[in-house]
Amino acid sequence: MQTVPWSDFQKILIVAGTITRVEAFPEARKPAFKVWVNFGSYGERKTSAQITRLYTVDELIGRQVIGILNFEEKQIGPFRSQFLLSGFEAEDGVVLSAPERRVPDGTRLS
């Protein structure tokens, strides 16, 4: 395992937000959704996420998640991803990471 200085961790903006909108993303190479999240003072951002195996559109709306906001944007087909939605690879699909209790949107991980 490689270690990194604490100062490198502090550069990563890891923030809680609430999913406000989800759409199918049929143009994606692998099954995915387009996901919009409200990150409070950081604004609403969008991303593409391969989370279709474990989640439906209806159960994602209103769900609080954890995103990394300061990675470079990434072009995914015709869609521009503005943040990284965090989750864990499991045998049956990606399991989203989320705060254990609700926190204000825009709360930074500490």
Side-chain angles (χ1 to χ4, degrees):
M1 172 178 63
Q2 180 184 7
T3 60
V4 296
W6 179 254
S7 59
D8 284 354
F9 172 73
Q10 290 177 305
K11 293 175 189 175
I12 302 171
L13 186 57
I14 305 171
V15 177
T18 300
I19 297 175
T20 58
R21 182 171 142 202
V22 180
E23 295 178 3
F25 190 9
E27 304 90 352
R29 281 184 280 169
K30 296 181 180 178
F33 290 130
K34 295 176 185 177
V35 181
W36 284 260
V37 176
N38 174 10
F39 288 107
S41 63
Y42 297 103
E44 185 175 72
R45 298 190 186 207
K46 62 183 180 176
T47 194
S48 169
Q50 295 173 5
I51 54 174
T52 59
R53 289 176 59 196
L54 294 180
Y55 302 96
T56 66
V57 170
D58 289 339
E59 66 187 344
L60 288 168
I61 303 294
R63 183 184 189 102
Q64 200 162 49
V65 292
I66 298 171
I68 293 86
L69 304 188
N70 61 338
F71 287 152
E72 293 180 354
E73 289 189 10
K74 185 176 181 182
Q75 189 72 40
I76 302 171
F79 191 73
R80 195 104 178 122
S81 184
Q82 299 173 319
F83 75 97
L84 176 66
L85 183 59
S86 65
F88 299 91
E89 292 280 345
E91 283 186 33
D92 53 348
V94 175
V95 177
L96 291 172
S97 57
E100 183 264 331
R101 294 184 185 161
R102 201 149 181 90
V103 296
D105 291 337
T107 299
R108 186 171 181 173
L109 181 74
S110 57

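Note on V4 and I12: separate hydrophobic clusters, where clusters join Ile, Leu, Val, Met, Phe, Trp and Tyr whose side-chain heavy atoms are under 4.5 Å apart, directly or indirectly. Neither F25 nor V57 shares a network with the other; the hydrophobic side chains, linked directly or stepwise wherever heavy atoms of I, L, V, M, F, W or Y lie under 4.5 Å apart, form separate groups for each.
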Given the rule in the side chain to side chain contact (heavy atoms under 4.5 Å, CB included) test, do L13 and I68 qualify, once you have shown the distances and angles that lead to the verdict? CA-CA 6 Å; L13 186 57; I68 293 86; 5.9 Å; no
Stepwise side chain to side chain contact (heavy atoms under 4.5 Å, CB included) check, T107 with F39: CA-CA 8 Å; T107 299; F39 288 107; over 6 Å; no
List the steps, then state whether side chain to side chain contact (heavy atoms under 4.5 Å, CB included) holds for L60 with L96. CA-CA 10 Å; L60 288 168; L96 291 172; 3.7 Å; yes
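Here the shortest heavy-atom pairing between R102 and T18 reads NH2-OG1, 2.9 Å. A pairwise comparison of heavy atoms in Q64 and A98 identifies O-CB, 3.2 Å as the closest pair. Heavy atoms only, all atoms of each residue included: G87 and V94 are closest at CA-CG1, 4.1 Å. Contact record, T20 with E44: OG1-OE2, 2.6 Å, taken as the closest heavy-atom pair. In terms of heavy atoms, N38 sits closest to G40 at OD1-N, 2.8 Å.
Counting heavy atoms from C-beta on, the side chains of V37 and V65 come closer than 4.5 Å. In this structure the side chain of L85 reaches within 4.5 angstrom of the side chain of I51, judged on heavy atoms. Looking at Q50 and F33, their side chains never come closer than 4.5 Å, going by heavy atoms from C-beta outward. Within the 4.5 Å cutoff, the side chain of W36 has no heavy atoms near those of the R45 side chain. No side-chain heavy atom of L109 sits less than 4.5 Å from a side-chain heavy atom of V15.
Summarising the geometry, atom CZ belonging to R21 is positioned 9.5 Å from atom CD1 belonging to I61; distances are rounded to the nearest 0.5 Å. With values rounded to the nearest 0.5 angstrom, F71 atom CZ is found 6.0 Å from L84 atom CG. With values rounded to the nearest 0.5 angstrom, D58 atom CG is found 13.0 Å from R63 atom CZ. Annotation: the span from R80 atom CZ to S48 atom OG amounts to 13.0 Å, rounded to 0.5 Å. Here T3 contributes atom OG1 and F9 contributes atom CZ; the two are 14.5 Å apart, rounded to the nearest 0.5 Å. In this structure, CZ on R108 lies 6.0 Å from OH on Y42, to the nearest 0.5 angstrom.
The existence of a salt bridge linking E72 and K74 is excluded, since no basic side-chain nitrogen approaches an acidic carboxylate oxygen closer than 4.0 Å.
Put simply, the side chain of Q75 gets close to the backbone of G77: a donor and an acceptor are under 3.5 Å apart. Under a 3.5 Å cut-off, the side chain of S86 and the backbone N or O of G67 do not form any donor-acceptor pair. N70 places a side-chain N or O within 3.5 Å of a backbone atom of K11 that can act as its donor or acceptor partner.
In the model, T47 has a side-chain atom that pairs as donor or acceptor with a side-chain atom of S81 under 3.5 Å.
Enclosure of atom CZ in F88 is not indicated, since only 12 or fewer non-hydrogen atoms of other residues, nucleotides or ligands lie within 6.0 angstrom.
Taking the ring axis of F83 as reference, the NZ or CZ atom of K46 does not stay both within 45° of it and closer than 6.0 Å to the ring centre.
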